[in-house]
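Below is one structure, written out as structure tokens; the observations come after it.
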Amino acid sequence: MRTAVSTSLFIMIALAACQSTGDDAVPASSVPVAMDATGTTTGGAPVDLADLVNAPAAGARNQLRLRGYAFTQQQGPTTYWWNPGTTICATTVTSNGKFQTIGTATARYCGQE
């Protein structure tokens, strides 16, 4: 038991030492616009849509259109949106009137071959 506790403590200290202080981050101004628009968050959402997770669906759909996405199809609670400028097929899952998740799919789900 003592070994497990000391091992856990060692691992926690080692991981804490590996955390970034933010000083090594790439400034947003140096990220190419195309990369910013097509990147995804760790949750899989396109960077330009990540702020819409948990947003009310009606307003979020309007934001998708304003950001260059066009509705392509819906399958149950999942809706597919195509952005021709970034060639991203985004997916939204709506539940309880909010966008619960936002992700990406292959272009064919947005009618692109």
Considering all heavy atoms, the nearest [X]-[Y] contact:
X: T92; Y: F99; result: CG2-CE2, 3.5 Å
X: A55; Y: A60; result: CB-CB, 4.1 Å
X: I102; Y: P46; result: CG2-CD, 3.9 Å

Show me the donor-acceptor pairs within less than 3.5 Å that the side chains of residues 71-79 make with the rest of the protein, sequence neighbours left out.
from	atom 1	to	atom 2	distance (Å)
T72	OG1	Y80	O	3.0
Q73	OE1	Q75	NE2	3.1
Q73	NE2	Y109	O	2.7
Q74	NE2	G76	O	2.9

Judged by atom type as modelled, is there a donor-acceptor pair below 3.5 Å linking the side chain of Q100 to the main-chain atoms of S95? yes
For N96 and K98, indicate whether the former's side chain and the latter's backbone hold a donor-acceptor pair under 3.5 Å. no
Distance check, rounded to the nearest 0.5 Å: Y69 atom OH versus I88 atom CD1? 4.0 Å
From N83 atom CG to L64 atom CG, the distance as rounded to the nearest 0.5 Å: 9.5 Å
For R67, the salt bridge (Lys or Arg N to Asp or Glu O under 4.0 Å) test, sequence neighbours excluded, returns D51
